Number of protein chains: 2
Amino acid sequence: MVLDRMVRISDSTVRRLSGYLRALDELDPEGEAIVSSQALAERTGVTSAQVRKDLSHFGSFGRRGFGYEVAGLRREIRGILGLSRRWNVALVGAGNLGSALFAYKEFRERGFDVVAVFDNSPDRIGHRIGDLVIEPMSRFRELCEERHIDIGVVATPARAAQEVAELLVEAGVRAVLNFAPRKLLVPRHVTLRDVNMEVELESLAFALRSSETRAGGRRRVEEW
Amino acid sequence: MVLDRMVRISDSTVRRLSGYLRALDELDPEGEAIVSSQALAERTGVTSAQVRKDLSHFGSFGRRGFGYEVAGLRREIRGILGLSRRWNVALVGAGNLGSALFAYKEFRERGFDVVAVFDNSPDRIGHRIGDLVIEPMSRFRELCEERHIDIGVVATPARAAQEVAELLVEAGVRAVLNFAPRKLLVPRHVTLRDVNMEVELESLAFALRSSETRAGGRRRVEEW
DNA sequence: TGTTGTGAAGGCGTTCACAGCC
DNA sequence: GGCTGTGAACGCCTTCACAACA
């Protein structure tokens, strides 16, 4: 787990590591003890050189002529990604999306515990959600500190998102996952990730439109 | 709307265009008639050169020494992204996430109509959701064709996702938005976008872990 | 022999900087 | 004068290709 060399790790590398981990999670129960960069590459849709290069930023986890030990590599990647500990998540916005995210069990399985849920609607405040109670924004800072929030998830309407982000920052949260379709401004020491479903749909529309423009009717033979 | 030059447009360009569009959508009601690449850049968190370069792939929409006409540029980008028409979406999976996505009004506002919802659970099939009925997978192909589905949204558990993707492909759908945390294999003529919340959380964990490793305690002064 | 780890090459997107034009 | 549009420079990530080595 050599991170102290302090080479800059690209975002794409980190995201792929997450993909390798998921693949290893599958291989383990399948009884595979050894995996090659080639096999991992096929499972995750990248090249084998990419797999090796990504891993090489953090150390040498394989054996030449042999491959990688599944369990060992899995452990290493979990360590690299910071998954050998659990993380506390605060969810802001308990509407449709927020509730769905809260109910998403896989988060807990992967080490992320939603330990606080906030909303500003009187209709929702005070209601139970799972084993929590939906809290008013007035208790935001207090509860964020009390429950040692590591990550804030913004699942509010777009208009409220920036304000929520600022509250998160003030409360000392240094990682934000934003589902609101709006660019958030946060200090540089805060890491922000956006999940913007509108962007995804619009990029699909672009792709559809382009291929129609190009193909001019007849589809060509399918190729996987 | 010059697309026929057939230069390859990068994914990042398309995603940024979507961001510019959102910014223009805000500027319009604010009564701004003209916007500079600089202003657009600030609103979307990129450089002004980037804005100009992105747009230049599709034509010359501005006036030198002046800027871009908000309404006009908005119209152009909508055209480029394929948003001057509406798109039919099929949602597969009516669980927590699927229902939340269905309830997300912004999709309709932006031109995407969910016109079919499928699930394989007898508990859900037949129930109303909005003005639709949740349909069984057995009617998948029939309804996809009947309702001219353009985009399929996969909101099933991971284990079902690949199978659903194949059904979508067989039904002639050429764009897939995948929310299941699993790599999907689709033919090359099908465009796939992934929204993987686990990857996002894990990349946040990586960032938190790295900054802790580096900073060794004391936070430095905030800088936005 | 087979697969890793990695310097070097290559490709692609971003940024620069300025010519072009209103 | 000011801002766009764009070729050229830059930098970063990916791919190549092979030395290292179990």
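Since the model is a prediction, treat every value here as computed from it, not as a measurement. Quick note on labels: first sequence line is chain A, next is B, and so on, each numbered from 1.
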Query - Partners passing side-chain contact (heavy atoms from CB on, under 4.5 Å) against A:E145 (at least two apart in sequence or in another chain) - result: A:R141
Using a cut-off of under 3.5 Å, enumerate the N/O to N/O pairs linking the protein to nucleotides 19-21 of chain C.
residue : atom : partner : partner atom : Å
C:dG20  : N3   : B:R64   : NH1          : 3.0

Tell me every residue that passes side chain to side chain donor-acceptor pair (under 3.5 Å) with [X], counting only those two or more places apart in sequence or in another chain.
X	result
B:S18	A:E202, B:R22
B:R147	none
A:R15	B:E200
B:R64	none

Without decimals, in angstroms, what is the distance between [X] [atom1] and [N] [atom2]?
X	N	atom1	atom2	value
A:L55	D:dT15	CG	C1'	16 Å
A:F61	C:dT6	CZ	P	11 Å
B:R52	D:dG7	CZ	P	14 Å

Contacts of type salt bridge (Lys or Arg N to Asp or Glu O under 4.0 Å), residue [X], not counting sequence neighbours:
X	value
B:D28	none
A:R63	none
B:E30	B:R43

Query raised in the report: Is the shortest side-chain N/O distance from A:Y68 to OP1 or OP2 of D:dA22 below 4.0 Å?
Result: no
Query - Proximity to DNA chain C (any heavy atom under 4.0 Å), residues of residues 26-46 of chain B only - result: none
Query - salt bridge (Lys or Arg N to Asp or Glu O under 4.0 Å) partners of residues 177-186 of chain A, not counting sequence neighbours, each pair once - result: A:R182-B:E26
I'd like a table of atom pairs between the protein and nucleotides 11-14 of chain C - only N or O on both sides, under 3.5 Å - with the distance next to each one.
residue : atom : partner : partner atom : Å
C:dT14  : OP1  : B:R16   : NH1          : 2.6
C:dT14  : OP2  : B:R16   : NH2          : 2.8
C:dT14  : OP2  : B:Q50   : NE2          : 3.4
C:dT14  : O5'  : B:Q50   : OE1          : 3.2

Requested in this report: Identify whether any heavy atom of A:R63 sits under 4.0 Å from a base atom; if not, whether one sits that close to sugar-phosphate; answer base, sugar-phosphate or nothing.
Outcome: sugar-phosphate
Query raised in the report: When you check the gap from the basic side-chain N to the acidic O, do B:D25 and B:R78 get nearer than 4.0 Å?
Result: no
Query raised in the report: When you look at B:R16 and B:T44, which way does the side-chain hydrogen bond (donor to acceptor under 3.5 Å, both in side chains) test go after all the steps?
Result: CA-CA 8 Å; B:R16 282 191 300 267; B:T44 51; over 6 Å; no
